[in-house]
Every structure is written in C-alpha cells, then in structure tokens.
Amino acid sequence: MEKIILVRYEEIFLKGLNKKNFENRLMTNIRRKLKKLGDVKVTSSQSRIYIESKDPAFDMDEAMIILRKIFGIASFSPVYKIPSDYEAIKENAVLIVEDMLKRNPYKTFKVEAKRGDKKFPLNSPQICADLGGVILRNFPNLKVDVHNPDFIFYVEVRESTYLYSEIIYGAKGLPTGTGGKATLLLSGGIDSPVAGWMIAKRGVELDAVYFHSYPYTSERARDKVVRLAEILSEYCMGLNLHVVPFTDIQLEINQKCPQEYLTIIMRRYMMKIAERIAQKNGSLGLITGEAIGQVASQTLESILVTDDAVNLPVYRPLAGLDKNEVVEIAKRINTYETSILPYEDCCTLFVAKHPVTRPSLDKTIEYEKVLDEERLIEEAVENTEIVRIY
Ligand code: ATP
Ligand code: MG
C-alpha cells in the first residue's frame, strides 16, 4: 500500500482552453517547493495532481505544511494508492481503519465512494453499502452515522483506487506566475503584507519596495520588513525587496512644504518611486495596504491625490475592509506577530499635528513645485538596495 498525496484544484476548472497551462504551472510550483525534501514525482490525471516519492528521506508531514502555502491548491489529502480491485479495496480498508482507531477514539463513520472508472463492477452506492458492511463487521464498536460521522472513509476508484479519510484545505487562489507581476509597497505595518498576500493569491508574482528613513528608522525596522518579505515569499515563490533610501526626500519635503501637506506629498513620492522601480522590473501594477478612511491619508480625497502621482494601476485590496478583518487575515497568514513588533515607521516621523484630511490636488501640485523632483527620485532609485528573498 503506497502512501501519496492527492491535490485538488477548483478555479482552474473554469479556465477552458487555458486549463492545462494553469495546471502545469501549479505542478511546476509544487515541484519547486518540495524539491528540498528529496526526490518527488508530481503528475496529473483527470484534473487531479498526485505527489509521490520513493525517497526514504521524504517527509510527508513537512510536505503537507508546504502545500498549504501554495496558491492554486483548493485542498489535498494523504491517500493510500492501491489497485482498482474490490478484494484489495476491502482488505486495505480494514487495515487503514484499524490503524486509525489506534490513534483516534472514533465511534461513528460513513463511507463515501466515487467511481471514476465506469468499468469497475460496483457503482458508488453499492461500494458505500458493501464496504460499510465490511467495516461494521470488522469493528463492532463502530456505528454508521450518515449525518454527523466522526470520520468519513473516502474511496475513489479511478485507474488506481485511492483510500483516505482526511481533507486539508489549501490556500486557494491561482498558481503563482499565471498572473504577471506587481510591486507591493511594503511597510512594517499590519496592512501592506496582507494586501500583498491577497493579490499574490490571484496568481500574481510580487516584488516589494520599502522606504527606509535611516537613521530615523532603525536597522531593526528594516530587518522587520525583510522578515515580512520572507513570510510573503513562502506563498509567492520568492521576491525581490527594494530598499529605498528615503531620508533625504523626507527632510527636503519637511523643510520646504506646508506642514499639513507633508504626509500627502511624501505618499506621492513613494508612489512615484515605486512606479519607477515597477517599470524597471516588469511589474504591471502597484499594490498598497490602504483602507478607505483608516487615517487622514486614506480618505477618498487623499487617495485621489496619491493616485494622481502615478500612471500604473494601483491595487488596494483592503479598501473595503475594517481593521479587525485585516488583523484576522494577518494572523492566518502568519505576518501579524512580526507586524506588531514595536519598531518605528517612517510615516510617523515628520507628521503634522493636523494633517489635511481633504487635500486639494491643485494645492498639492503647487506646493510640490519647490522640490527638485527628478533629482530626488533619480537619486533614491539609484541608491536602492535589492535584497533577494528566495
Ligand atoms: P501599513 O499597516 O501597511 O503600514 P498603514 O495603515 O500604516 O499601513 P500608511 O502608513 O498610511 O498606512 O501607509 C499606507 C500604505 O502605504 C501602506 O499600506 C503601504 O502600502 C505604503 N507604505 C507606507 N509606508 C511605507 C514604507 N515605509 N515603505 C513602503 N510602503 C509604505
Ligand atoms: Mg504604516
């Protein structure tokens, strides 16, 4: 009895003629991620993906932890693969249930069968009824409960037969690399890692940009962003983090522009620099963690002024979420604990006591005129450090 992993996808079914491309990309991503565990064979058949390894070092539990972070996987199961022969099915089912009962105090069960191979002599209801009877006879303490069983014994008869009882939910979404690339403005806060994760989930590769205001923001603040990028990279197959020196720009804006417009002008500079970097790395859009109304710089008026700074589409997947909804996702994807580490944020430096909540675009553009925009942006981009996180 061979133990392998069966992987299911959902949305890829809707891709029509492109389905094969999506499936191939998902298989490539699975191979890349599992490579470090040893020799692995990843194949597909009838819209399912199968992962098997004869390598004695292959750690199935570790593989399943990795699979949970691969976009495009709807769910997966550790399964026993056996020949499609009813005698073999009965024999192995008894062995598997016996093993399960050693580890779990199960009292009730039901059998669910799927016959993908119509040549198999029993149909699905017949397999359920007969195999249910076999299990009851071998384990007199078990009872059938079709509504709320302690475990479901699944039987899938295809070219081989797969027996299992566990279904683990995956990260869903679409396989990384099927949706082009976008550049995430990644701060050390709670919001932006979640925003990046949400867009990456749709198959989009990420690059990230972090604006670092050394020495006003410390090396530890930078390390925290690197750590967040590492957590994100586990989901999105690696990324480049561009660390932009932002101190000179902030000092100059602070010196030359009206106090209540500091934040909004700084945000426009972030967008412009991110766009420059995005164009160099082949990104098709920018991503921010802005949520409507969260702070003064995220009112609709402020977002309009911020957005005006760039031509690339800006994705704001958190626009309609409340803070606690964002926190919930951050906890689920494991960025929260890092995000709440208390290191300073460049946006909390040089902040006005009363930033405008309804900035005017005309005034903003007028106030910006005193700045030597091209030089500031050029210098920042030139001195950007790229950290490869793979
Ligand atoms: P976050 O929790 O993501 O820091 P926030 O609620 O603190 O967001 P702001 O500080 O107004 O909001 O920033 C809005 C967005 O601008 C962030 O979500 C992020 O995308 C981007 N941003 C802010 N500061 C930086 C920075 N230092 N480097 C890169 N991007 C930044
Ligand atoms: Mg922030």
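The basis for the numbers below is simple: all heavy atoms, side chains too, and nothing from hydrogens, waters or symmetry mates.
Among all heavy-atom pairs drawn from P245 and A380, the shortest one is CD-O, 3.7 Å. Taking both residues in full, the closest heavy atoms of A278 and L312 are given as CB-CD1, 3.7 Å, listed atom of the first, atom of the second, then distance. Considering all non-hydrogen atoms of both residues, A93 and L163 come closest at N-CD1, 4.1 Å. The two residues Y9 and G72 come nearest to each other via the heavy atoms CB-O, 3.4 Å. Residues E275 and A309 approach most closely at OE1-O, 4.4 Å, considering heavy atoms.
Under the 4.0 Å criterion applied to side-chain N and carboxylate O atoms, R267 and D307 are not assigned as salt-bridge partners. Using a 4.0 Å cut-off between charged nitrogen and carboxylate oxygen, K54 and E2 count as a salt-bridge pair. Ion pairing of E366 with K369 is present here, as a side-chain N (NZ or NE/NH1/NH2) and a carboxylate O approach within less than 4.0 Å. The existence of a salt bridge linking K181 and E205 is excluded, since no basic side-chain nitrogen approaches an acidic carboxylate oxygen closer than 4.0 Å. Ionic pairing of R115 and E156 is not present here: no N-O contact between side-chain nitrogen and carboxylate oxygen is shorter than 4.0 angstrom. Ion pairing of R276 with E379 is absent here, as no side-chain N (NZ or NE/NH1/NH2) approaches a carboxylate O to less than 4.0 Å. A salt bridge does not link E23 to R25: none of the charged side-chain nitrogens sits closer than 4.0 Å to a carboxylate oxygen. Residues E368 and R268 are paired through a salt bridge, judged by an N-O separation under 4.0 Å between the basic side chain and the carboxylate. Under 4.0 Å is where a charged nitrogen must lie from a carboxylate oxygen, and between E337 and R227 no such pair does. Using a cutoff of 4.0 Å between basic side-chain nitrogens and carboxylate oxygens, R222 and E385 are scored as salt-bridged.
For Y269, there are no ring pair (Phe, Tyr, Trp, His ring centres under 6.0 Å) partners, not counting sequence neighbours.
The distance from atom CZ of R31 to atom NZ of K41, rounded to the nearest 0.5 Å, is 11.0 Å. To the nearest 0.5 Å, atom CG of residue L67 and atom CG of residue L34 are 5.5 Å apart. The CD1 atom of I96 sits 12.0 Å away from the CG atom of L101 when rounded to the nearest 0.5 Å. To the nearest 0.5 Å, atoms CD1 (I66) and NZ (K35) are separated by 12.0 Å. Between I49 atom CD1 and I51 atom CD1 the span is 7.5 Å, to the nearest 0.5 Å. Here the straight-line distance linking atom OH of Y216 with atom OG1 of T247 works out to 7.5 Å at 0.5 Å rounding.
Counting only distance, with no hydrogens or angles, the side chain of S302 and the backbone of A296 share a donor-acceptor pair below 3.5 Å. The main-chain N or O of L304 is never found under 3.5 Å from a side-chain atom of D308 such that the two would form a donor-acceptor pair. Side chain of S283 to backbone of G285: no donor-acceptor contact under 3.5 angstrom is found. With hydrogens and angles disregarded, a donor-acceptor distance shorter than 3.5 Å links the side chain of D117 to the backbone of K119. Checked by atom type and distance alone, the side chain of D99 never pairs as donor or acceptor with a backbone atom of L95 at under 3.5 Å. Under the 3.5 Å distance criterion, the side-chain polar atoms of Q126 are matched with a main-chain donor or acceptor of N123. Using a distance-only test at 3.5 Å, with no hydrogens or angles considered, a donor-acceptor pair links the side chain of D59 to the main chain of D61. Proximity of a side-chain donor or acceptor of N29 to a complementary backbone N or O of T176 within less than 3.5 Å is detected. For the pair S192 (side chain) and S187 (backbone), a donor-acceptor distance under 3.5 Å is present. Distance alone, capped at 3.5 Å, is enough to place a donor-acceptor pair between the Q298 side chain and the A291 backbone.
At least one side-chain heavy atom of D207 sits less than 4.5 Å from a side-chain heavy atom of H242. Counting only heavy atoms from C-beta outward, the side chains of I249 and E252 never approach each other to under 4.5 Å.
With 3.5 Å as the limit, one finds no donor-acceptor pair spanning the side chains of D362 and S360. A donor-acceptor pair shorter than 3.5 Å can be found between the side chains of T161 and S84. K224 and S339 share no donor-acceptor pair across their side chains, judged by distance under 3.5 Å alone. A side-chain donor-acceptor contact under 3.5 Å links H212 and T217.
Cluster annotation: L6 is not connected to F151 through the hydrophobic network of ILVMFWY side chains, with a link wherever side-chain heavy atoms come within less than 4.5 Å. Criterion: ILVMFWY side-chain heavy atoms under 4.5 Å apart, direct or through other members. Under it, L184 and I303 are not part of a common hydrophobic cluster. Under the 4.5 Å side-chain heavy-atom criterion for grouping Ile, Leu, Val, Met, Phe, Trp and Tyr, V370 is connected to I253 within one hydrophobic cluster. Residues Y162 and V155 are members of separate hydrophobic clusters, defined by side-chain heavy-atom contacts under 4.5 angstrom among Ile, Leu, Val, Met, Phe, Trp and Tyr. Note on F58: it clusters hydrophobically with I168, by side-chain heavy-atom contacts below 4.5 Å among ILVMFWY residues.
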- Task: Would you check, one step at a time, whether the test side-chain contact (heavy atoms from CB on, under 4.5 Å) holds for V157 with L122?
- Result: CA-CA 10 Å; V157 183; L122 281 74; over 6 Å; no
- Item | Candidate pair H147 and D145, rule side-chain contact (heavy atoms from CB on, under 4.5 Å), full reasoning | CA-CA 6 Å; H147 301 295; D145 180 345; 3.8 Å; yes
- Task: Determine, stepwise, if the pair D191 / K323 fulfils salt bridge (Lys or Arg N to Asp or Glu O under 4.0 Å).
- Result: CA-CA 8 Å; D191 300 324; K323 191 74 184 188; 3.0 Å; yes
- Could you walk me through whether D55 and S53 pass the side-chain hydrogen bond (donor to acceptor under 3.5 Å, both in side chains) test, one step at a time? CA-CA 5 Å; D55 194 329; S53 177; 5.1 Å; no
- Begin with the C-alpha distance, continue with both residues' side-chain angles, and end with the deciding distance and a verdict on salt bridge (Lys or Arg N to Asp or Glu O under 4.0 Å) for E87 and K90. CA-CA 5 Å; E87 287 309 312; K90 284 192 285 190; 3.4 Å; yes
- Task: In sequence, state the C-alpha distance, the side-chain angles, and the governing distance for F139 and F109, and then conclude on ring-ring contact (aromatic ring centres under 6.0 Å, His included).
- Result: CA-CA 11 Å; F139 305 98; F109 78 104; 8.7 Å; no
- Task: Give the C-alpha distance, both sets of side-chain angles, the deciding distance and a yes or no for salt bridge (Lys or Arg N to Asp or Glu O under 4.0 Å) between E373 and K272.
- Result: CA-CA 10 Å; E373 179 176 312; K272 290 179 196 180; 2.8 Å; yes
- Item | CA sep, side-chain torsions, deciding dist, call: E52, K3, salt bridge (Lys or Arg N to Asp or Glu O under 4.0 Å) | CA-CA 8 Å; E52 28 202 318; K3 200 166 183 190; over 6 Å; no
- Item | L239 vs L232, side-chain contact (heavy atoms from CB on, under 4.5 Å): CA-CA, chis, key distance, verdict | CA-CA 8 Å; L239 57 86; L232 279 179; 4.2 Å; yes
- Task: Quick one: do L142 and T108 satisfy side-chain contact (heavy atoms from CB on, under 4.5 Å)? Show the steps, please.
- Result: CA-CA 5 Å; L142 280 179; T108 58; over 6 Å; no
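Judged by the 6.0 Å and 45° rule, K69 forms a cation-pi pair with Y235. Taking the centre and axis of the six-membered ring of F71, the NZ or CZ atom of K201 falls outside the cone set by 45° and 6.0 Å.
Classification of the Y86-F120 ring pair by plane angle, with boundaries at 30° and 60°, yields perpendicular.
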